[in-house]
Amino acid sequence: MPELPEVETIARGVDARVRGDRIVDVWFGSKREPFKTPAARQAKGLEGRTIVGVRRAGKHIVCDLGRPPGFQPLEKSSGRQGGAQWIVHLGMTGRLLVTTHDAPVAAHTHARLTLASGRELRFVDARRFGRLEFRDLGKSDGFGAPGAEPLRIGPQEFVALFRGRKLPIKAALLNQTLLAGVGNIYADESLFRAGLRPRRAAGRVTHGDLERLRLALRAVLEEAIRLGGSSVSDYVDAEGAEGFFQLEHRVYQRTGEPCLVCKTLIRRIVVAGRSTHYCPNCQK
DNA sequence: CATTTCACCTGGTGGC
DNA sequence: TGCCACCAGGTGAAAT
């Protein structure tokens with residue numbers, strides 16, 4: 001499932017392939033979801049614009065777009081005027097793929113953006129948890145993930161996120177308004193590496209333990225990005241290639257297997273409605 | 001407001 | 001072989 005490292009990998013791959021390309025035609029395969037913006041308005045907004053760049057914000061992929069064709073800037077306009085954004089959330093099973101125009105169309109393809117180069121940007125999502133949104137920057141603000149970026153947050157700011165909170169530390173890690181980009185895999189893996197039990201009340205974790213958690217989280221996310229993410233269900237990058245970080249998981253989906261550090265059997269519990277895996281010996 | 005629970009959705013899996 | 005209950009989980013709405 002795409003979390004921060006997977007979304008980062010996809011955004012980088014898509015950016016490398018479509019930056020500077022122009023959207024010449026838009027096709028949406030379904031009238032119902034995944035449209036956060038109505039399909040017709042989205043298609044109209046996208047057509048003719050140039051893709052300025054593609055980047056990750058939390059678990060979202062933001063495609064920054066140039067001015068629409070025939071745009072007349074007002075006098076004294078700022079450089080940003082006329083721009084727009086296409087925002088993709090992959091949900092659980094979403095894929096954002098760059099293909100040729102004649103590549104076979106996979107099942108559950110919901111969007112096809114034909115590009116001037118002959119390439120195509122496709123959104124495929126079997127489970128329909130993904131979301132597509134169009135923002136006209138003349139009418140609304142640019143997209144900003146609500147939570148802090150785990151790769152950039154500093155020690156004091158990290159401690160402040162959890163202060164006074166009674167919910168389990170794992171639930172806090174998953175809360176996107178606190179931290180943007182952490183999902184079930186990297187919550188479990190970072191808690192293991194920091195030696196913390198997932199159910200510890202967030203507000204009662206010591207500053208020292210929180211600093212260990214911040215560093216463990218950053219390390220695990222950076223390592224996962226280097227390995228192209230974790231392919232555990234449907235995840236593939238912009239080219240359709242799988243990642244390798246699933247081979248480095250120490251607790252996630254290892255229920256009943258021996259801990260790689262102490263041989264104690266990995267336990268599975270449910271926290272915040274999610275499968276949660278931990279070592280009862282290594283994590284206190 | 002803080003927190004918890006649940007519906008959404010479909011493919012894969014394991015039991016019989 | 002077929003059938004079916006069950007599980008996976010990011011998000012947001014509803015409930016507490």
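Letters A, B, ... mirror the listed sequences (proteins, then strands); counts begin at 1.
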Distance check needed: C:dG12 P versus A:R131 CZ, whole Å only.
9 Å

Mind calculating the distance between CG (A:L167) and C1' (B:dT5) to the nearest angstrom?
14 Å

Judged by each residue's nearest nucleotide on DNA chain B, which is more toward the 5′ side, A:P168 or A:H108?
A:P168

Would you say A:Q176 reaches C:dT11's phosphate, i.e. side-chain N/O to OP1/OP2 under 4.0 Å?
yes

With clusters built from Ile, Leu, Val, Met, Phe, Trp and Tyr whose side-chain heavy atoms come within less than 4.5 Å, directly or transitively, what are the remaining members of the cluster of A:V24, listed by chain and number?
none

Any N/O donor-acceptor pair, A:R274 side-chain to C:dT11 base, under 3.5 Å:
yes

B:dC9 P sits how many Å from A:D125 CG, rounded?
12 Å

Nearest whole Å is fine: how far is C:dA8 P from A:H277 NE2?
7 Å

Phosphate oxygens OP1/OP2 of B:dT3: is one of them under 4.0 Å from a side-chain N or O of A:R165?
yes

Taking the six-membered ring for Trp and the full ring for Phe, Tyr or His, determine whether the centres of A:F245 and A:Y186 are under 6.0 Å apart.
yes

Residues passing the ring pair (Phe, Tyr, Trp, His ring centres under 6.0 Å) test with A:F143, sequence neighbours excluded, are A:H60

Ignoring backbone atoms, test whether A:K59 places a side-chain nitrogen or oxygen under 4.0 Å from the OP1 or OP2 oxygen of C:dT11.
yes

Distance in angstrom units between A:L178 CG and C:dT11 P, rounded:
13 Å

OP1, OP2 of C:dG10 versus side-chain N and O of A:H60: anything below 4.0 Å?
no

Please indicate whether A:K263 has more than 12 foreign heavy atoms, meaning atoms of other residues, nucleotides or ligands, lying under 6.0 Å from its NZ.
no

So which nucleotide from B:dT4, C:dA8, B:dC9 ends up closest to the side chain of A:Y252?
C:dA8

pair A:L113-A:E120: side-chain heavy atoms closer than 4.5 Å:
no

Rounded distance in Å - CD (A:Q253) to P (B:dT13)
12 Å

Atom CD of A:E3 and atom P of C:dT11: how far apart are they, to the nearest Å?
9 Å

Tell me if the side-chain of A:R127 makes a donor-acceptor pair with the base of C:dA8, cut-off 3.5 Å, by modelled atom types.
yes

Tell me: CZ of A:R199 to P of B:dT4, nearest whole Å?
11 Å

